[in-house]
Colleague: 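Encoded as structure tokens, here's the structure I'll be asking about.
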Amino acid sequence: EQPKEGKHSIVVTASLSVDDKTRPWLYLGAKRTAAIHKSDFGGSSVEQHVEVHNGHNREDLTLDDASFELVDDCYTSLSTEDFYAIQAGDLDLTKKYYDEITRYLKEKLKCDEVVCMHSQVRNGDREGKDGVAGYATGYPHTDSSPISADEAALGFIGPHEKYERYMYVNLWRNISDNPIENDHLALLDERTTVKPDDYIARDFFGAGGINVVQYCLNARHAATHKWYYFPNMHKDEGILFKQSDSDWTKPGRTCFHMSVNDPETKDHRPRESIEVRILCFWKKADSGVDSMPTYKNTNAHMIKDPLQVADEASSSMGFSLNPFTYIKKWVFRSKPYTGNPEDYLKTFVSAITYLNFWPAGTVDQVKSSIRTSRSIEHGIKLFTAAMVMDNEGYNGTRAFTITQKNEIVDFLVKNEEYMSLARKQFVD
């Protein structure tokens with residue numbers, strides 16, 4: 001008997017990764033500078049046929065078990081064109097949608113805090129217009145990994161806030177008044193992966209200086225994998241799927257996904273969708289396990305920038321495509337903490353004064369994060385904490401202890417000169 005919503009399954013071609021003992025990489029919207037990266041994409045893969053099953057009416061496909069879940073009560077007051085306006089930079093509509101998501105997830109997941117980090121609208125017919133993207137077709141991947149998700153989680157909570165669990169999750173939905181006919185989102189039931197074999201780490205370099213570690217899917221155990229999709233999705237439906245969950249007691253913690261095109265579906269409307277990348281926090285975990293990362297247990301001061309490592313590897317061979325590699329270690333040398341947080345006021349005032357030196361797109365990301373936070377002051381504080389963490393070593397505070405960094409953050413957010421400038425640069 002045919003399911004109520006579409007076919008039993010579709011068969012597509014997917015590029016699955018091969019563990020060839022090298023570290024894959026991907027540049028997307030970022031300029032390739034490392035000479036050891038000969039192209040924008042690196043890593044071995046093979047093409048295989050993959051069967052993607054209809055996930056409707058499968059009650060076992062839940063967020064904490066399979067790592068994804070279809071939700072049918074994800075209502076929105078926004079119109080289709082409102083979502084395109086969000087992609088074009090309308091911060092008022094962005095905040096309106098993020099507020100809807102926050103209310104929905106707090107109710108559904110019973111979490112205490114929700115941080116909407118980023119959104120992306122997709123439409124194959126409008127790709128490249130006002131930031132609209134195409135579809136990530138046929139290449140299974142995750143958007144993050146435990147190390148990069150830990151970094152994000154720590155960057156979005158205040159230095160004195162205490163939680164026991166976080167989850168990095170995407171909410172994906174149809175934004176059209178018409179159901180999705182093709183180019184569906186396909187998701188892998190994580191209970192069918194083989195661990196740790198299937199998880200191949202990849203360095204991703206994106207616009208605005210973004211770099212994260214993602215996972216590619218190993219072809220080794222493809223025969224055991226179970227893929228699912230939800231055809232004919234309506235606007236009031238959504239798919240929640242995990243990028244990372246700090247609670248290691250959950251069977252589903254990260255979700256491989258890709259877009260899939262059914263070659264047998266002809267003359268279909270273009271898929272119109274939006275995904276929002278979200279961090280959820282719990283003060284008390286339902287498992288009773290405190291799985292939150294800390295700067296201490298992640299040894300955050302030792303985490304490196306993959307692009308910097310690649311550049312240094314290039315220069316160690318006698319050349320680099322990035323001349324900044326040669327001077328960075330001299331210009332941004334770190335000195336010991338002076339013991340007086342006021343000594344660092346000039347550094348961080350200068351950092352937010354000269355925004356023209358920031359990577360393209362970063363200023364808009366900061367503005368969006370601050371203006372869509374639960375308050376302007378809280379948004380500025382989180383942004384300031386991220387600057388003082390100094391993961392890339394530009395501000396001379398990277399090697400400081402967490403206590404020392406917290407002293408600097410607390411001083412800055414109480415300093416009128418700094419806060420007035422932050423409001424002027426990112427809010428007014």
Side-chain angles (χ1 to χ4, degrees), residues 1-14 50-58 61 68-90 92-94 96-101 103-105 108 116 118-139 169-187 227-241 255 257-278:
E1 182 182 352
Q2 190 83 339
K4 292 180 180 179
E5 301 271 359
K7 302 177 181 179
H8 278 291
S9 65
I10 59 177
V11 177
V12 300
T13 300
V50 172
E51 185 175 12
V52 185
H53 303 271
N54 190 324
H56 284 294
N57 304 317
R58 285 288 303 268
L61 298 178
F68 64 89
E69 182 175 337
L70 176 72
V71 292
D72 60 5
D73 58 350
C74 187
Y75 307 111
T76 179
S77 63
L78 275 66
S79 69
T80 300
E81 288 307 313
D82 285 341
F83 285 105
Y84 287 109
I86 287 175
Q87 188 60 54
D90 189 317
D92 291 331
L93 284 173
T94 300
K96 183 177 182 180
Y97 185 49
Y98 285 6
D99 286 346
E100 287 184 353
I101 292 174
R103 290 191 294 270
Y104 176 75
L105 291 180
K108 179 172 180 59
C116 297
H118 175 262
S119 64
Q120 179 64 60
V121 170
R122 298 184 186 272
N123 179 337
D125 284 4
R126 295 174 66 163
E127 183 177 358
K129 181 179 179 181
D130 292 329
V132 175
Y135 314 130
T137 302
Y139 198 98
V169 65
N170 286 20
L171 175 59
W172 187 97
R173 78 180 317 137
N174 177 13
I175 63 172
S176 171
D177 294 323
N178 300 304
I180 292 176
E181 299 173 345
N182 206 345
D183 297 303
H184 311 280
L185 179 65
L187 309 112
W227 286 90
Y228 294 92
Y229 80 121
F230 299 95
N232 300 315
M233 282 186 62
H234 295 268
K235 193 177 180 183
D236 58 358
E237 295 178 310
I239 299 175
L240 291 170
F241 60 104
C255 184
H257 58 280
M258 62 179 170
S259 175
V260 293
N261 179 275
D262 180 3
E264 296 182 359
T265 300
K266 309 295 184 183
D267 301 323
H268 57 86
R269 298 182 182 91
R271 186 192 91 199
E272 300 177 89
S273 63
I274 187 171
E275 69 246 27
V276 181
R277 296 177 175 90
I278 306 157

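One is the number of the first residue; the rest follow in order along the sequence.
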Colleague: If I compare all heavy atoms of Gly55 with all of Tyr228, which pair ends up nearest, and what's the gap?
Modeller: CA-CD2, 4.0 Å

Colleague: Using the test side-chain contact (heavy atoms from CB on, under 4.5 Å), find all partners of Asp72 that sit at least two apart in sequence or belong to another chain.
Modeller: Glu237

Colleague: Applying side-chain hydrogen bond (donor to acceptor under 3.5 Å, both in side chains), which residue pairs with at least one partner in residues 75-85 are found, sequence neighbours left out?
Modeller: Thr76-Glu100, Ser77-Glu100, Ser79-Asp82, Tyr84-Asn123, Tyr84-Glu272

Colleague: Can you confirm whether Ile239 sits close enough to His257 that some side-chain heavy atom of one is under 4.5 Å from a side-chain heavy atom of the other?
Modeller: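 SC-SC contact between Ile239 and His257 ruled out.
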
Colleague: Any idea which heavy atoms bring Val276 and Ile101 closest together, and the distance?
Modeller: CG2-CD1, 3.7 Å

Colleague: Tell me, please, which residues at least two apart from Asp183 pass salt bridge (charged side-chain N to carboxylate O under 4.0 Å, His left out).
Modeller: none

Colleague: My understanding is that only residues two or more places apart in sequence, or in another chain, count here; which of them pass ring pair (Phe, Tyr, Trp, His ring centres under 6.0 Å) with His184?
Modeller: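 Applying ring pair (Phe, Tyr, Trp, His ring centres under 6.0 Å) to His184 gives Tyr229.
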
Colleague: How close do Gln87 and Gly131 get, counting heavy atoms only, and between which atoms?
Modeller: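 Heavy-atom minimum between the residues: NE2-O, 3.2 Å.
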
Colleague: To the nearest 0.5 Å, what is the distance between CZ on Arg173 and CG on Leu185?
Modeller: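 Nearest 0.5 Å value for the CZ-CG distance: 14.0 Å.
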
Colleague: Distance from Asn170 atom CG to Ile278 atom CD1, nearest 0.5 Å?
Modeller: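 The distance works out to 7.0 Å.
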
Colleague: Can you name the salt bridge (charged side-chain N to carboxylate O under 4.0 Å, His left out) partners of Arg122, sequence neighbours left out?
Modeller: Glu275

Colleague: Considering residues at least two apart in sequence or located in another chain, which fulfil the ring pair (Phe, Tyr, Trp, His ring centres under 6.0 Å) criterion with Tyr98?
Modeller: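 With sequence neighbours excluded, Tyr98 shows a ring pair (Phe, Tyr, Trp, His ring centres under 6.0 Å) to no residue whatsoever.
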
Colleague: Taking only residues two or more places apart in sequence, or in another chain, which ones meet Tyr135 in a ring pair (Phe, Tyr, Trp, His ring centres under 6.0 Å)?
Modeller: none

Colleague: Work out which heavy atom in Pro179 is nearest to a heavy atom in His234; give both atom names and the distance.
Modeller: CB-CE1, 4.1 Å

Colleague: Which residues satisfy the ring pair (Phe, Tyr, Trp, His ring centres under 6.0 Å) test with Phe68, sequence neighbours excluded?
Modeller: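 Phe68 satisfies ring pair (Phe, Tyr, Trp, His ring centres under 6.0 Å) with no other residue.
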
Colleague: Side-chain contact test, heavy atoms from C-beta onward, threshold under 4.5 Å: evaluate it for Cys74 versus Leu171 and give yes or no.
Modeller: yes

Colleague: With sequence neighbours left out, what residues match Asp236 under salt bridge (charged side-chain N to carboxylate O under 4.0 Å, His left out)?
Modeller: none

Colleague: Considering residues at least two apart in sequence or located in another chain, which fulfil the salt bridge (charged side-chain N to carboxylate O under 4.0 Å, His left out) criterion with Asp73?
Modeller: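 None.
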
Colleague: Are any non-hydrogen side-chain atoms of Leu61 and Leu70 less than 4.5 angstrom apart?
Modeller: no

Colleague: Which pairs, with at least one residue in residues 261-270 and sequence neighbours excluded, count as a salt bridge (charged side-chain N to carboxylate O under 4.0 Å, His left out)?
Modeller: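 The answer is Lys7-Asp262, Lys7-Glu264, Glu181-Arg269.
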
Colleague: Provide the closest heavy-atom pair for Phe83 versus Val121 in the form atom of the first, atom of the second, distance.
Modeller: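 Nearest pair, atom of Phe83 first, then Val121: O-CG2, 3.5 Å.
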
Colleague: If you look at every heavy atom in Glu51 and Ser9, which pair is closest and at what distance?
Modeller: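 Looking at all heavy atoms of both residues, the shortest contact is OE2-OG, 2.7 Å.
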
Colleague: Roughly how far, to the nearest 0.5 Å, is the CG atom of Asn174 from the NZ atom of Lys235?
Modeller: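 Answer for the NZ-CG pair, Lys235 versus Asn174, is 8.0 Å.
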
Colleague: With rounding to the nearest 0.5 angstrom, report the CG to CD1 distance, Leu78 to Ile175.
Modeller: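 Rounded to the nearest 0.5 Å, the CG-CD1 separation comes to 10.0 Å.
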
Colleague: With Asp130, which residues qualify under side-chain contact (heavy atoms from CB on, under 4.5 Å), at least two apart?
Modeller: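 Counting only residues at least two positions away or on another chain, Asp130 forms a side-chain contact (heavy atoms from CB on, under 4.5 Å) with Ala88.
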
